[in-house]
Structures are given as structure tokens and as C-alpha cells.
Amino acid sequence: MIKTLIGLRMRELLHSLMRRTRGGGKGRGMKILMGFLLVYCVVVFGFLFGGMFFLLCEPFAQMGLSWLYFAFAGAMSAMLCFFGSIFYTQSVIFEAKDNELLLSMPIKPAAILFSRVGTIFLLNLGYSLIIAIPCMVVWVWQMGFDALLLLRMIVFMLLMPLLPTCLSCLAGWGIALISSRMRSKNIISLVLSAVLLAAYFYVCFNTQALLTKLMENGEALAAAIRKVLPPFYALGVATAEGNILQSLLWILWCVVPMAAVYALLSKSFVRIATMKRGAKKMKYKAQRMVASSARSALVRKELRRVTSNAMYIMNGAIGAIMAVILAVVMLFKRDLIDTLLAQFVMTGLNLDGWIGGIACAMLCMLMSMNVLSAPSLSVEGKNLWLMQSLPLPAGEILLAKVMMHMIICVPCGLVAGAVMGIALRADAITWLALMVLPALLTCFMAFIGVVINLHLPRFDYANDLIAVKQSAATGITMFVGMGIVALPVIVYAVIFKGKIPLGGVYLCYGILLALGCLMMYYYLSRSAQKRFDALGQG
Amino acid sequence: MLKIEHLTKNYGTKKAVDDLSLRIQPGEIFGFIGHNGAGKTTTLKACCGILQFDEGEILVDGVSIKKDPIACKGKIAYIPDNPDLYEFLTGVQYLNFVADVYGVSASDREARIDRYARALGLYDDLATKIQAYSHGMKQKLAVIAALIHAPKLLIMDEPFVGLDPKASHTLKEIMREMCDQGGAIFFSTHVLEVAEKLCDKIAIIRDGKLVIAGDTETVRGDTSLENVFLELVEDDK
């Protein structure tokens with residue numbers, strides 16, 4: 001039974017990524033594309049974490065602190081798993097749409113819970129491999145092959161996801177509990193998401209400093225980790241030295257809390273799963289009504305949908321949020337930029353004259369991560385009939401989704417650009433580029449998201465978050481966004497560097513983006529009707 | 001008001017609707033009856049321009065749904081069998097959204113919301129998010145939203161499912177009133193007693209094909225509609 005339930009959950013997860021579009025023929029292409037995306041992510045993260053481990057491995061071994069290397073990898077891995085799975089945990093355990101359906105079947109509630117926790121464990125296992133594999137490769141590369149150590153590492157790392165899974169379950173439970181007692185649970189989710197994001201940024205911004213500290217004060221930090229993070233001390237010593245006591249302790253650290261949390265949750269699972277989550281009832285009082293145009297009604301509806309779901313905003317507008325945070329950090333931590341520049345100068349790379357361009361590319365890259373419009377058609381789901389029965393052309397409906405993306409993200413891009421301009425003491429051209437290019441790119445992303453979703457829709461998700469986070473449309477839009485920023489940067493750096501001034505590059509890029517937007521506007525408003533009408537046809 | 005001519009809709013190799021022709025005149029309540037999977041919903045959705053069809057023609061007030069779907073949709077209101085509405089909106093926000101899309105003036109929407117919401121017993125709940133509505137409340141809201149732009153043709157798929165007896169009675173009154181004012185209603189139902197009492201005309205569909213259509217009295221003959229329907233199903237077996 002548990003196997004069937006886990007299989008169901010995994011099929012749902014895979015289905016969201018590998019869905020064959022109606023009419024067939026695109027299944028293989030989609031698989032290749034998703035495979036390519038997967039390889040891309042693995043390579044990027046592999047190099048990111050591999051580079052970090054490369055800096056740490058040998059110095060730690062020379063200091064006789066090999067265990068710290070594995071403890072550090074374990075802690076990083078647990079953190080990644082926790083941040084990556086906390087909201088998935090909430091949606092999959094506490095807010096799953098099929099809880100009542102499954103509870104009505106002759107299945108033990110504990111089995112339902114086990115299947116859900118098992119899925120989170122598998123997801124976390126996937127996350128942990130992103131760190132574990134580079135950690136292993138770098139160790140073998142620098143320290144040589146040791147079969148026993150590798151075996152220990154594999155076994156202990158396989159247990160590791162139990163720890164963040166346990167924490168995610170507890171945190172998800174807490175969020176669900178608080179949300180159920182609060183009137184505006186959306187704000188609670190948004191605040192919690194922002195706190196998590198801030199914590200994530202804090203860690204990211206301080207990684208370099210942390211690595212330096214780790215290398216300079218390895219022993220002091222080792223002592224601190226031993227005291228503050230005993231599970232990871234146990235993992236480190238167990239892996240590096242094969243210490244039996246620490247190995248047992250690590251196993252206990254992983255298994256006991258998870259077993260306790262599982263027992264706790266399974267006791268109250270029925271109550272949690274059937275908790276009434278409907279909005280509070282409010283008595284209607286007659287109010288003066290104001291008529292508005294169909295277009296503004298559609299845009300308002302889109303904005304209400306997005307703002308009613310904290311996870312939609314957090315996942316779809318992450319780039320806009322990060323852009324504003326980055327701009328503020330740059331404004332108040334100007335010394336960080338100077339230090340960074342000084343480090344580049346020390347390595348013989350003089351970035352004078354390029355800062356504006358780099359900042360512009362960075363801001364564009366962040367804005368390309370906004371994918372609010374990409375699942376906007378998929379989230380119509382069961383409401384598709386409503387859109388299709390309205391006396392409006394498809395263009396109006398689709399452009400309202402584009403507008404929603406622009407209304408939310410463009411102001412963030414403009415604010416971030418303006419603040420960055422101040423922080424960098426930019427000249428007029430750079431300032432203009434910092435304001436206009438990210439805004440244009442945001443418009444481009446808004447259009448391309450809808451165009452891609454129109455061609456790759458899915459309306460059969462178990463919860464809204466899957467359409468937002470895991471649909472092919474979202475992944476491909478994000479990938480296209482990265483390409484649209486990275487490609488011109490690479491082409492310029494390789495071919496045109498020094499031949500065309502940056503101002504010219506800004507102008508060409510802006511024109512290309514505007515042309516792209518115009519073409520997609522034309523497509524959505526004139527030629528998308530047929531495809532829109534075909535959505536949801538049996 | 002609604003003219004369906006030789007409508008054919010295929011799902012792969014299966015003919016969901018096969019050469020169906022019907023006419024619904026202004027002032028008529030037209031009941032559409034058939035077993036599960038007979039092709040009722042497919043026909044209704046095709047009439048609303050939601051579902052594309054393979055052959056035939058559908059004319060709403062003389063306008064082809066294929067050639068000018070927007071003009072047709074402006075005259076129609078559709079209530080599906082399972083009213084999945086925007087759960088993130090409150091009842092009144094949803095009604096305002098629909099009213100804006102159909103270009104209903106502020107005064108007209110105020111008057112219609114007040115009238116229909118009170119009649120159906122949903123008035124007090126209009127400020128509540130649809131997410132908190134029961135199935136019946138969603139059905140009531142869908143009915144009010146359908147009536148907010150005073151459509152010429154009301155198409156409904158199992159409209160009485162989930163409604164309490166009072167709301168059900170009110171809906172029947174509203175339907176009759178709408179038709180008395182020159183509107184037309186085309187709806188599917190499994191409740192044969194309701195069809196028998198309420199409808200001016202009835203059509204029975206089986207496996208996508210029209211079996212019988214005409215005045216309720218003619219279709220029923222000297223027996224009950226239930227007997228006629230069961231006989232037709234038996235014939236099929």
C-alpha cells in the first residue's frame with residue numbers, strides 16, 4: 001500500500017515535469033528538453049559546490065580536520081534540503097487536496113502519512129545529492145580513493161535527509177497550525193517565506209567570509225561545531241574516521257527525531273488532514289458598485305489570484321524580490337562592492353568601466369527569474385471553462401496575464417535599477433540602462449511566460465503549487481530567461497568586447513527585447529485564439 | 001434563439017454527439033435528457049463555444065458560434081454541472097468581475113445582485129471568499145452570475161444539483177420568468193419529474209444521437225416521462 005501511495009506521489013511529481021502534451025508527438029522533445037535542463041542544473045550546482053569543496057578539502061586535511069569537511073558538507077546539505085522542502089512539505093502533508101479522498105478509502109492514516117513523508121525524504125535525497133556528489137568527487141580527486149570511506153559516506157549521506165525531513169515536517173506543521181488560527185494566513189506564509197529567504201540570502205552573502213573563516217580558524221570553528229551542531233560533528237567523525245560510537249550517534253540523530261515526529265504526526269494526522277481551511281465567513285453589507293472595463297476586471301482578477309497565494313508570489317517573483325534586496329544591500333554596503341573590486345584587481349582583472357554593465361547584467365539575470373506569467377494559464381485549472389465562456393477574445397484574456405506580471409515585477413526592477421544607479425554612482429547612460437533594460441526584460445519574460453504556457457499547459461495538478469513550481473512551462477521560461485541574458489553577455493565578451501561601446505550594446509539589446517515583446521504582443525492578440533480555444537478539449 | 005444543425009463531435013474514434021439537430025425558440029424552457037455519457041454536456045459546451053465540434057452548425061440568435069463566438073457568448077450565460085469558480089475571490093468580487101466582462105452598468109448590477117442574491121438566500125454570504133462556500137452556495141452564485149447580464153439564452157448543466165428545496169423552487173420561478181420575458185433556456189437534467197413539470201419541450205439523447213424531441217406532452221404521451229425514458233434505454237439494450 002505504501003509503495004502504491006509513494007508511487008502515486010512520485011508519478012504526480014514526474015507527470016508535472018514530463019507531461020505529454022495533447023495530440024502527442026511532443027513527448028520525446030519535452031523529455032530531451034527536461035533532460036537538458038536537468039543536466040544544466042547538475043553542472044551549474046556541481047561546479048558551484050565543487051568549487052567550494054575544492055577550497056576546503058586539502059586545508060582541512062592538512063590541519064587534521066577532515067571530519068570538519070564532511071560535517072560542513074552535511075550541514076550545507078541539510079540546510080539546502082530544509083529550505084527546498086519546507087513549503088512542499090506543507091502542501092503535500094497538510095494541504096493536499098486528496099487527503100479526504102484517501103482517508104475515505106480503507107487505508108490506514110499512518111500509511112498515507114508515511115507515503116507523504118517518504119516522498120519528502122526522496123525529494124530531500126535528491127537535494128542532498130547535489131552537495132554529496134561534488135563533496136565525494138573533490139575528496140577522491142584531492143585525497144585519493146578510499147573504498148571504506150566512500151562506503152561510509154554513501155551510507156551516512158543516505159540517512160542525512162531524515163534530519164531535514166523531520167525539521168520540514170515540524171516547521172510545516174507549525175505553519176499550518178498558525179495559518180489555521182490566523183485570519184490572514186496568506187500574510188503569515190508570506191512573512192515566513194520572507195524570513196526563510198532572508199536567512200538564505202544571509203548565508204549566501206556570507207559564504208565567502210564563512211569559507212575564509214573556516215580556513216583561517218578551522219580549529220576554533222571545529223570546537224564550536226562540536227558544541228553547537230553535534231549531529232554534524234558525529235557525521236563528520238563517523239565518515240572521516242569510521243568511529244563506531246559516532247556512527248551510531250549519527251544514525252540515532254537521524255532516525256530517532258524522525259521517528260518521534262512521525263509518531264506525533266500520525267497521531268493527529270486525521271485531525272490535521274480534515275482541518276477546515278475555508279476562509280472566514282463575513283456578512284455582506286451593500287456597497288456602491290463601480291463598473292469598469294473588461295480588461296481592468298481581468299487584470300484585477302489576475303492580481304487577486306497571485307496575491308492570494310504567498311507561494312505563487314515567492315516562486316514567481318523571486319527575482320524581483322532578490323533584485324530589491326540586492327539593490328538595498330549595494331546601497332548600504334558599498335564597501336562590499338569596493339572589496340569585491342579590489343579582489344578582482346588583485347587577481348589582475350581590472351573591471352573599471354565594466355561595473356555598470358556587470359550590474360545591469362546581474363539585474364537582468366535576476367529579473368529573468370520572474371516567472372509569474374508562466375503558470376498563469378495552468379493555474380486556471382478547473383476554471384478554464386469560465387475563461388472560455390466569456391465573450392472576450394483570447395488576446396484580452398492572455399494579455400491580462402502579461403499585464404499582471406508587469407504590474408508586479410516592473411516597479412521592483414525600476415526601483416532596484418534606480419537604487420543600484422545611486423550605489424554605483426553611475427553615469428547617465430548606465431543609469432538609463434539599469435532602469436530600462438531590466439524593465440524591458442521583465443516585459444519580455446511576461447510575454448514569453450504566457451506564450452510558453454499556452455503551448456505547454458497543464459490543468460490536472462493536485463495543488464496549485466505544483467503548477468507554479470514544477471510545470472514544464474515554468475522551467476522552460478526560466479531557462480529561456482537565463483539564456484536571453486547570458487547569451488548576449490557571452491557573445492559580447494567573446495566577439496565584440498572592445499569593438500562596440502557598452503552604450504551601443506545597451507541600445508541593441510533594448511531594441512531586440514522590445515522587438516521580441518512586440519512580436520509576442522502581436523501573436524497573443526491576433527494569432528493565439530485557435531490555440532486558446534483548443535485548451536482543455538477532450 | 002438556439003439552432004443546432006447536424007452537430008457532430010468526436011473524441012478520437014468515439015462519436016460523442018452524432019448528427020444532432022435541435023431548435024429552441026424564445027420563451028421556451030427546453031429540457032435535455034440522457035443517460036450518463038450520452039453527450040449532453042458535450043452538446044451544451046459546444047453551444048456555449050467552450051468545446052469545438054467537428055461537423056454541423058450552431059446558431060445563437062441567428063449568429064454562428066463558429067464564425068462569431070464573441071457575439072454569441074455575449075448573449076449566452078452558461079452554468080456548468082460543477083461550478084468551479086474563482087475561490088480566491090469573494091462572492092461579490094466574482095459577480096463584479098462577471099458584470100465588468102459583460103459590460104453591465106453599476107446600477108443594473110446592484111439591482112440584479114440584490115434581487116437574485118436575496119431570492120436565493122446568498123445575500124449575507126457575498127462578502128465571504130468562494131473558497132468557504134458549499135457546493136450549493138457555489139451553484140447559487142453561478143446562477144446569479146449567469147443572470148447578472150440578463151442573457152437571452154441560459155444554458156445549464158444539471159442546475160438543480162446541490163440546491164436546497166427553497167433555492168430550487170426559486171430557480172424554477174426565475175427560469176419561468178426569464179422565458180416569459182422572451183428569453184430561452186436549454187438545460188440538462190436527470191430529475192425527470194422536474195423536466196416533466198418545468199419544460200415546454202424535451203429532447204432525449206442516447207449515445208450521442210437524438211432519440212426523440214418535441215413538446216413535453218407529445219414526448220410523454222399518455223405515460224410518464226420516466227417510463228418513456230426507461231423504455232428508450234431498454235430499447236438500447
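Numbers restart at 1 for each chain; the letters A, B, ... are given by sequence-line order, proteins then strands.
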Participant: For the interface with chain B, which of Met289(A), Lys285(A), Gln287(A), Gln388(A) has the highest count of heavy-atom pairs at distances below 4.5 Å?
Facilitator: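 The residue among Met289(A), Lys285(A), Gln287(A), Gln388(A) with the greatest pair count is Met289(A).
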
Participant: Taking the side chain as every heavy atom from C-beta outward, state whether Tyr102(B) and Leu392(A) have any atom pair closer than 4.5 Å.
Facilitator: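 Of all side-chain heavy-atom pairs linking Leu392(A) with Tyr102(B), none is under 4.5 Å.
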
Participant: Run the side chain to side chain contact (heavy atoms under 4.5 Å, CB included) check on Gln52(B) and Asp533(A) step by step: do they pass?
Facilitator: CA-CA 8 Å; Gln52(B) 295 168 332; Asp533(A) 289 341; 3.1 Å; yes

Participant: Is the closest side-chain heavy-atom distance between Arg304(A) and Leu89(B) below 4.5 Å?
Facilitator: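 Heavy-atom side-chain distance check passes, below 4.5 Å.
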
Participant: Does Phe88(B) reach the side chain of Thr307(A), with side-chain heavy atoms less than 4.5 Å apart?
Facilitator: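 Counting from C-beta outward, Phe88(B) and Thr307(A) never come under 4.5 Å.
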
Participant: Heavy-atom distance under 4.5 Å to chain B: side chain of Leu298(A), backbone, both or neither?
Facilitator: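 Contact with chain B is through both the backbone and side chain of Leu298(A).
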
Participant: Just do the side chain to side chain contact (heavy atoms under 4.5 Å, CB included) check on Leu51(B) and Trp385(A) with the steps written out, would you?
Facilitator: CA-CA 9 Å; Leu51(B) 207 59; Trp385(A) 70 271; over 6 Å; no

Participant: How close do Tyr284(A) and Ala127(B) get, counting heavy atoms only, and between which atoms?
Facilitator: CB-N, 3.6 Å

Participant: Might you point out which heavy atoms bring Pro391(A) and Gly74(B) nearest each other, and give the distance in Å?
Facilitator: CB-N, 3.5 Å

Participant: Looking at chain A, which one of Asp114(B), Ile113(B), Ile50(B) has the largest number of heavy-atom pairs inside 4.5 Å, strictly under?
Facilitator: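 Between Asp114(B), Ile113(B), Ile50(B), the count favours Ile50(B).
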
Participant: For Val101(B), which atoms come within 4.5 Å of any heavy atom of chain A: side chain, backbone, both, or neither?
Facilitator: both

Participant: Please indicate whether Met137(B) has more than 12 foreign heavy atoms, meaning atoms of other residues, nucleotides or ligands, lying under 6.0 Å from its CE.
Facilitator: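 Atom CE in Met137(B) is packed in, count exceeds 12.
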
Participant: Could you check whether atom NZ of Lys172(B) has more than 12 heavy atoms from other residues, nucleotides or ligands sitting under 6.0 Å from it?
Facilitator: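 Counting other residues, nucleotides and ligands, NZ of Lys172(B) exceeds 12 neighbours.
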
Participant: Are more than 12 heavy atoms, taken from residues, nucleotides or ligands other than His169(B), located less than 6.0 Å from that residue's NE2 atom?
Facilitator: no

Participant: Report yes if some heavy atom in the side chain of Arg300(A) is under 4.5 Å from a heavy atom in the side chain of Gln93(B); otherwise report no.
Facilitator: no

Participant: How long is the span from the OG atom in Ser389(A) to the NZ atom in Lys45(B), to the nearest 0.5 Å?
Facilitator: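 Interatomic distance, Ser389(A) OG to Lys45(B) NZ, rounded to 0.5 Å: 10.5 Å.
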
Participant: Measure Leu85(B) against the heavy atoms of chain A and call it side chain, backbone, both or neither at under 4.5 Å.
Facilitator: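 Both backbone and side chain of Leu85(B) come within 4.5 Å of chain A.
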
Participant: With rounding to the nearest 0.5 Å, note down the distance linking CG in Asp100(B) to CZ in Arg295(A).
Facilitator: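 Going from the CG atom of Asp100(B) to the CZ atom of Arg295(A) covers 14.0 Å.
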
Participant: Below 4.0 angstrom, N of the basic side chain to O of the carboxylate: do Lys283(A) and Asp125(B) qualify?
Facilitator: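 Between Asp125(B) and Lys283(A) there is no salt bridge, as every charged N stays at least 4.0 Å from the carboxylate O atoms.
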
Participant: Measure from the side-chain N and O atoms of Thr128(B) to the backbone N and O of Met282(A), and report whether any donor-acceptor pair falls under 3.5 Å.
Facilitator: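 It does hold such a pair.
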
Participant: Are Tyr86(B) and Lys301(A) close enough that some pair of their side-chain heavy atoms sits under 4.5 Å apart?
Facilitator: yes

Participant: Which region of Asn96(B), side chain (C-beta onward) or backbone (N, CA, C, O), has a non-hydrogen atom less than 4.5 Å from a non-hydrogen atom of chain A, or is it both or neither?
Facilitator: side chain

Participant: Are more than 12 heavy atoms, taken from residues, nucleotides or ligands other than Tyr521(A), located less than 6.0 Å from that residue's OH atom?
Facilitator: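 At most 12 heavy atoms, drawn from other residues, nucleotides or ligands, come within 6.0 Å of this atom.
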
Participant: Which region of Ser293(A), side chain (C-beta onward) or backbone (N, CA, C, O), has a non-hydrogen atom less than 4.5 Å from a non-hydrogen atom of chain B, or is it both or neither?
Facilitator: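 Looking at Ser293(A), just its backbone touches chain B.
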
Participant: Go through the atoms of Tyr133(B) and report whether side chain, backbone, both or neither lie under 4.5 Å from a heavy atom of chain A.
Facilitator: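 Neither part.
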
Participant: Please look at Val98(B) and chain A and tell me whether the side chain, the backbone, both or neither of the residue comes under 4.5 angstrom of a heavy atom of that chain.
Facilitator: neither

Participant: Taking the side chain as C-beta and beyond, is there a heavy-atom pair between Tyr94(B) and Leu386(A) under 4.5 Å?
Facilitator: yes

Participant: Under a 3.5 Å distance rule, please check whether Asp84(B) uses its side chain to pair with a backbone N or O of Asn383(A) as donor and acceptor.
Facilitator: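 Here the side-chain-to-backbone pair does not exist.
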
